[in-house]
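A note on names: the letters A, B, ... follow the listed sequences, proteins ahead of strands, and every chain is numbered from 1.
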Amino acid sequence: MVLEALKYMVLGMGIVFLFLYLMVVILNWQHKLVEKYFPQKEEPSATPSKRDKLKKVAAITAAIAHMKKSN
Amino acid sequence: MVLEALKYMVLGMGIVFLFLYLMVVILNWQHKLVEKYFPQKEEPSATPSKRDKLKKVAAITAAIAHMKKSN
Amino acid sequence: MVLEALKYMVLGMGIVFLFLYLMVVILNWQHKLVEKYFPQKEEPSATPSKRDKLKKVAAITAAIAHMKKSN
Amino acid sequence: MKKRLIGFVLALLVVMIPIGAIATVSHMTDENKSAVHHEEHQEKSIGSLIEGFYKQTGIYAIFNPQEGAKNALGEEMSTFHQSFGRIIMIGIAFLLFYLAIAKGFEPLLLIPIGFGGLLANIPLANIIGDHGFIGELYKAGIANELFPLLIFMGVGAMTDFGPLLANPKTALLGAAAQFGIFGTLVGAVALSQMGVFDFTLQDAAAISIIGGADGPTSIFIASKLAPDLLGAIAVAAYSYMALVPVIQPPIMRALTTPEERRIKMKTTREVRKLEKILFPLTVLVLTILILPESSPLIGALTFGNFVRESGVVERLSKTMQNELINIVTIFLGLAVGSKLAAEKFLVPETLGILLLGLVAFAIGTAAGVIMGKIMNKFSKEPINPLIGAAGVSAVPMAARVANKEGMREDPTNVLLMHAMGPNVAGVIGSAVAAGVLLSIF
Amino acid sequence: MKKRLIGFVLALLVVMIPIGAIATVSHMTDENKSAVHHEEHQEKSIGSLIEGFYKQTGIYAIFNPQEGAKNALGEEMSTFHQSFGRIIMIGIAFLLFYLAIAKGFEPLLLIPIGFGGLLANIPLANIIGDHGFIGELYKAGIANELFPLLIFMGVGAMTDFGPLLANPKTALLGAAAQFGIFGTLVGAVALSQMGVFDFTLQDAAAISIIGGADGPTSIFIASKLAPDLLGAIAVAAYSYMALVPVIQPPIMRALTTPEERRIKMKTTREVRKLEKILFPLTVLVLTILILPESSPLIGALTFGNFVRESGVVERLSKTMQNELINIVTIFLGLAVGSKLAAEKFLVPETLGILLLGLVAFAIGTAAGVIMGKIMNKFSKEPINPLIGAAGVSAVPMAARVANKEGMREDPTNVLLMHAMGPNVAGVIGSAVAAGVLLSIF
Amino acid sequence: MKKRLIGFVLALLVVMIPIGAIATVSHMTDENKSAVHHEEHQEKSIGSLIEGFYKQTGIYAIFNPQEGAKNALGEEMSTFHQSFGRIIMIGIAFLLFYLAIAKGFEPLLLIPIGFGGLLANIPLANIIGDHGFIGELYKAGIANELFPLLIFMGVGAMTDFGPLLANPKTALLGAAAQFGIFGTLVGAVALSQMGVFDFTLQDAAAISIIGGADGPTSIFIASKLAPDLLGAIAVAAYSYMALVPVIQPPIMRALTTPEERRIKMKTTREVRKLEKILFPLTVLVLTILILPESSPLIGALTFGNFVRESGVVERLSKTMQNELINIVTIFLGLAVGSKLAAEKFLVPETLGILLLGLVAFAIGTAAGVIMGKIMNKFSKEPINPLIGAAGVSAVPMAARVANKEGMREDPTNVLLMHAMGPNVAGVIGSAVAAGVLLSIF
Ligand code: NA
Ligand code: NA
Ligand code: NA
């Protein structure tokens with residue numbers, strides 16, 4: 001029984017390492033592929049965040065107005 | 001088989017048209033009934049939303065004014 | 001049958017009153033225990049909401065400052 | 001657009017070539033498998049098709065009721081229920097919509113219930129049957145008591161028991177008001193004995209619970225003791241809860257003097273967070289010790305309230321109070337509505353249910369007010385008997401009515417918070433009463 | 001931290017002492033009960049363990065397909081479907097993701113469907129089987145028609161039928177466009193007769209409904225008439241709905257003259273709240289009288305719409321439009337995706353479904369436009385035939401396409417609101433057509 | 001008010017006249033049908049009623065346990081479990097509430113689990129039985145593995161795998177930490193062999209998975225391999241996850257030198273959107289190829305993450321992260337709590353589970369740290385061994401603990417983002433380990 005459990009341990013840790021090691025390899029390889037075939041453009045995700053900031057400012061302005069009213 | 005499918009087609013299109021035609025007739029008739037028995041009052045649902053809008057505009061204006069003053 | 005229903009009525013109202021009366025007793029007793037062992041501190045629940053308000057004010061101030069700069 | 005088209009064509013090719021090429025080959029062997037099916041359908045002339053279709057219309061089914069025809073549940077329907085019965089029920093559904101929309105009667109439940117009722121009365125369709133979608137909802141949540149308890153959970157998460165904790169003894173008003181339930185039980189049995197109605201003890205109990213003025217409790221009990229009466233009981237319960245501002249005031253005024261109605265009560269003490277957290281646990285333990293039969297109802301209610309008051313699981317509390325209760329309300333309403341099928345609702349029992357429900361409400365109100373008068377006599381602190389009427393629950397409508405009646409006599413007399421105590425105690429009171437009834441039958 | 005640790009140790013003691021002390025004693029008697037289990041497992045060498053494990057990998061299953069191996073539902077699979085079939089299907093799932101993310105094709109459904117397809121093609125796993133989680137979702141909502149109807153409820157709650165009420169006669173355009181369904185039915189039967197395809201009448205009907213351009217209706221009908229084709233039908237329906245801006249314009253231009261496309265329509269009248277409230281009830285009553293078979297679909301749609309327009313149950317309406325439809329979309333998508341298992345999808349029928357679906361869309365569009373031309377001839381008020389194309393439904397995409405085509409000829413010609421009328425009528429039209437097909441088979 | 005009353009009376013008449021008139025007539029024939037029922041109930045004196053009621057109270061049941069009495073599931077209970085057992089369990093439920101509220105221990109799950117435990121220990125009530133509402137929740141989502149997978153879906157939708165993508169090799173730390181699972185498995189088997197515990201291999205596997213530090217994974221595995229131990233395993237898993245800040249630091253300090261704890265790591269690179277989209281698909285494909293048994297867990301996790309990262313189905317992603325996961329958490333918690341019934345929890349096994357779970361956490365932490373030291377030796381870039389401890393998962397608590405320990409040595413050393421890599425890898429790691437265990441048994 002204990003021997004068997006030890007075998008399962010070896011098998012289990014082996015597979016866990018195998019799985020995650022393969023994942024590491026593929027992710028590294030994928031990173032290279034992405035960099036090669038889809039080279040970094042000027043990140044478009046920055047622009048919307050600016051827009052978000054403006055939105056926040058607008059929201060804050062409205063909030064100030066609201067606070068005044070409720071005073 | 002094809003003949004049968006053709007019959008189903010005639011039947012089906014007939015029922016679809018019948019259904020939607022009756023719907024058109026009833027909707028027109030319903031429109032007249034509504035106009036007759038529930039004549040258009042000064043729509044009350046428009047007023048609150050307008051009022052809300054005005055409130056918002058006022059609040060925002062006030063906030064901007066406040067900010068300018070505090071400059 | 002009616003007699004039986006009357007018995008159920010007596011039993012039922014008895015239990016309802018018993019239950020809620022015991023609840024009253026326990027709640028009163030619980031109130032005293034709470035007052036005794038957890039005497040009223042300066043209510044801490046008020047402070048966070050104040051703190052929240054202060055945070056809001058701070059955020060708004062920062063936002064206004066930001067807007068001024070970006071003008 | 002062009003790019004998109006090209007992309008699509010390419011995509012289609014990618015899909016089609018393997019499918020077309022490989023799959024066709026791999027399937028060549030079983031190609032003649034389904035050729036046989038074609039013959040099954042036998043040729044019909046267009047005339048017989050139209051006739052066949054006509055016999056499947058609702059018009060035909062309603063104007064040509066047939067002896068021995070069965071409903072979606074496989075039970076035989078009388079020709080009356082197949083024809084005029086359905087028309088009347090559709091009318092009643094429209095009436096419920098009118099009351100909900102124009103009069104504001106508990107629309108959250110009466111609209112789904114009414115619509116469920118509409119759908120339940122469609123001839124030939126199987127919507128409330130075994131594979132129909134409302135039938136499935138019924139199986140999923142009414143047959144196994146799940147939906148009313150989830151609603152009760154949401155009610156617990158939405159209820160602040162603070163006013164009760166501030167003045168616990170007002171809970172006794174919530175106890176007295178349950179006399180509406182038990183008094184009506186006696187009346188229903190007596191009238192059945194006299195041959196006026198024809199209710200079994202179980203039926204009578206399920207009907208009487210309407211006097212508890214709690215929708216989920218009524219549905220829970222009815223689904224256990226008298227599932228056939230569920231539709232009428234639910235409709236009566238919610239209708240009368242909506243009618244509290246009409247039913248209660250005359251009774252309240254008849255039983256109190258203007259002086260009593262002017263009694264001002266002491267301002268309530270502040271309630272500590274810890275007391276609120278302990279409250280649901282206290283109530284549940286009491287239930288465990290005294291009345292385990294009530295524990296599904298009170299368990300759900302106190303769970304919701306504990307999640308609310310614990311203060312550490314805000315997201316669960318909000319979900320219970322909003323999305324979960326909304327979804328369950330939609331499903332519960334439709335499923336309860338399925339019991340508004342003509343053959344279930346258009347029976348003499350319904351008349352009895354409507355009448356007895358009204359009586360139960362009235363008795364409960366009166367008992368609460370009278371208990372208020374008694375407590376006012378014996379209590380050190382003054383108690384305005386009007387708040388006794390709030391003991392029927394119907395949260396928070398009955399408390400508002402008590403407040404309004406108080407302000408009619410004296411506009412400076414704000415009873416709302418005082419009335420909330422018996423009001424929420426009434427919820428517990430009728431859950432206890434429900435447990436008693438379940439333990440008897 | 002220290003306090004916490006002490007608290008925990010104390011807590012642990014409180015738990016452990018009673019458990020350790022009392023429970024051990026109380027269980028002394030049955031201690032030797034489970035000692036037997038130990039022997040059951042028989043010893044294996046580490047080598048045989050690794051080999052055994054290797055035989056449970058997906059690589060082994062895919063590269064060593066076995067005659068007579070069964071899928072999660074207990075049906076035998078061909079070796080092709082066990083090996084290349086799965087690889088192709090995984091490719092198709094990726095294609096769907098690509099179309100959804102990069103091309104914006106109905107991502108709300110194609111992403112869950114595609115992912116369900118991925119999970120359905122995992123060898124040895126039982127995800128779509130009887131106790132697998134997607135299998136359970138399928139049983140919970142597709143097998144009993146619940147999910148598509150809940151989606152339809154949400155669609156009803158999201159749809160404003162105002163444009164149709166403003167100009168009811170445009171509903172006839174929504175009727176004409178259903179010719180896509182019935183025309184394709186004839187074609188499918190004819191081609192099956194000729195041996196090109198191999199569809200039964202039921203199959204042909206389920207496929208033709210793709211021409212109705214309504215996802216939930218297609219899924220509802222397919223799950224009833226041809227559950228084995230469900231995956232391909234759903235994918236085709238949603239793909240073509242996404243492709244409306246590609247499929248429709250050439251047909252619309254081919255069938256209309258520039259003058260016709262420039263026709264301006266009268267501004268629509270204002271629609272009263274009361275008309276909007278009555279509309280769902282009117283449609284439902286009509287369904288009850290004429291076509292009870294359509295009542296699940298139209299019942300769900302009108303219920304959602306009634307909840308929306310009643311105006312008194314805002315919280316239910318919002319829940320239907322958001323959380324409920326989102327949750328159901330996730331479940332429905334995964335469950336439908338389970339029909340993308342290789343052995344169900346990689347069959348010659350799929351090719352036929354994709355082709356016939358495209359044909360159905362095209363015929364429907366053409367029929368709508370032609371009906372528009374006819375109505376323009378006979379109507380007092382001018383009708384732009386382009387809005388006929390919106391009659392296929394695919395709400396609101398088809399209406400936008402009609403608007404865009406109109407503005408191509410004349411940038412001042414805003415047809416959007418006029419096109420919304422036939423567009424929403426098309427939803428009702430295909431639900432009616434679905435009812436006809438159900439009543440025939 | 002008057003108008004309302006008149007409206008109501010009119011409405012009532014409309015309802016009552018047809019019901020009263022027509023229905024009574026149509027039912028005259030079967031009026032004597034139910035008169036028989038009345039006799040069934042036999043008369044009891046008020047004394048015997050009270051006695052009968054007393055025998056149905058919880059007090060009676062707890063203080064008069066009876067040999068051979070059965071629980072809600074029809075299994076015999078010992079008298080200990082009927083009496084003191086229930087009292088102890090109610091105490092334990094209160095302890096869980098205390099830990100959740102006052103100490104902040106994973107309240108989202110411990111509050112529903114604790115309350116489910118309370119409800120499960122109510123004598124005579126059938127809440128966890130076949131038609132009880134928690135019993136129904138159990139059947140609806142635990143018995144068929146649905147709820148833990150839906151939670152995992154939500155976890156996927158809430159998790160940002162960016163830190164792992166920025167530095168993939170830290171995933172190996174998440175692999176090493178799974179030694180907690182397999183090491184404990186060996187230990188549990190050895191101790192069972194020696195007669196200290198009494199666990200089968202399946203039991204031991206289900207217990208060891210606590211070392212994976214993932215609630216849903218633990219529940220998923222326990223419900224498959226050892227459903228009787230589910231309650232104790234779930235409580236242990238969530239309690240220890242909450243105790244990560246207590247359990248891990250001493251181990252981390254014992255195994256590292258101050259110099260190692262001061263190691264600063266390179267700032268992580270930016271991760272591209274496309275990588276994040278591809279990540280869940282990559283992991284799923286790997287699972288399909290290597291370990292199909294893990295695919296329900298990893299499938300649900302990657303589905304949630306794919307919906308999140310695809311960026312085109314924001315509304316589904318938000319629903320998964322909020323309403324859906326909240327609703328399922330409530331249901332899952334209550335259903336798991338039903339396994340806290342005294343007769344399931346107050347058994348010697350529970351003690352073993354609590355101890356072994358703690359050991360599993362400790363071994364996992366140690367293995368992660370040691371792997372960190374090894375990798376630091378052989379890697380070009382410096383790796384702080386503290387982040388290895390985050391490999392047990394317990395997202396994001398363990399990563400925060402690693403960060404805090406780092407800052408204790410050097411306040412400028414911010415390890416949080418570096419620790420998130422192994423932290424999220426640990427989720428995948430224990431899902432893989434779970435798949436291995438499932439494939440063995
Ligand atoms: Na009540
Ligand atoms: Na359509
Ligand atoms: Na883990």
Between Glu145(D), Arg315(D), Met153(D), who has the most heavy-atom pairs with chain F when the cutoff is under 4.5 Å? Arg315(D)
Top residue by heavy-atom pair count (under 4.5 Å) with chain F, among Leu316(D), Thr302(D), Asn322(D)? Leu316(D)
With side chains defined as the heavy atoms from C-beta onward, is the minimum distance between [X] and [Y] less than 4.5 Å?
X: Val307(D); Y: Ile330(F); result: no
X: Phe303(D); Y: Leu334(F); result: yes
X: Phe331(F); Y: Leu150(D); result: yes
X: Ile277(D); Y: Phe97(F); result: no

For the candidates Ile90(F), Asn126(F), Ile325(F), Ile327(F), which exhibits the highest count of non-hydrogen atom pairs separated by less than 4.5 Å from chain D?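 Option with the top pair count is Ile327(F).
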Part of [X] within contact of chain D (heavy atom distance under 4.5 Å):
X: Glu136(F); value: side chain
X: Ala61(F); value: neither
X: Ile134(F); value: neither
X: Ile127(F); value: side chain
X: Tyr54(F); value: neither
X: Phe94(F); value: side chain
X: Phe63(F); value: neither

Given Val313(D), Val312(D), Leu274(D), the one that forms side chain to side chain contact (heavy atoms under 4.5 Å, CB included) with Ile101(F):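 Of Val313(D), Val312(D), Leu274(D), side chain to side chain contact (heavy atoms under 4.5 Å, CB included) with Ile101(F) is met by Val312(D) alone.
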Closest approach of Phe133(F) to Leu149(D) (non-hydrogen atoms, all atoms of both residues):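 So the two residues come closest at CD2-CD1, 3.3 Å.
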Checking Leu284(D) against chain F: side chain, backbone, both or neither under 4.5 Å from a heavy atom? side chain
So for Tyr98(D), is it side chain, backbone, both, or neither that comes closer than 4.5 Å to the heavy atoms of chain F? neither
Just checking heavy atoms, which of residues 112-125 of chain F are less than 4.5 Å from chain D?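 Residues Pro112(F), Phe115(F), Leu118(F), Leu119(F), Ile122(F), Pro123(F), Leu124(F), Ala125(F) are the ones that qualify, each having a heavy atom under 4.5 Å from chain D.
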Taking only distance into account, with no hydrogens and no angle test, what donor-acceptor pairs under 3.5 Å do side-chain atoms of residues 288-300 of chain D form with protein atoms, sequence neighbours excluded?
| residue | atom | partner | partner atom | Å |
| --- | --- | --- | --- | --- |
| Ser294(D) | OG | Ala431(D) | O | 2.8 |
| Ser294(D) | OG | Gly435(D) | N | 3.3 |
| Ser295(D) | OG | Pro292(D) | O | 2.5 |

Sub-3.5 Å donor-acceptor pair from the side chain of Gln56(F) to the main-chain atoms of Ser439(D), do we have one? yes
Taking everything shown except Glu75(D) itself, do over 12 heavy atoms lie less than 6.0 Å from its CD? yes
Using a 6.0 Å cut-off, check whether atom NZ of Lys139(D) has over 12 heavy atoms from anything other than its own residue. yes
Report the distance from atom CG of Asn326(F) to atom CD of Glu323(D), rounding to the nearest 0.5 Å.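 If we round to the nearest 0.5 Å, Asn326(F):CG and Glu323(D):CD are 8.0 Å apart.
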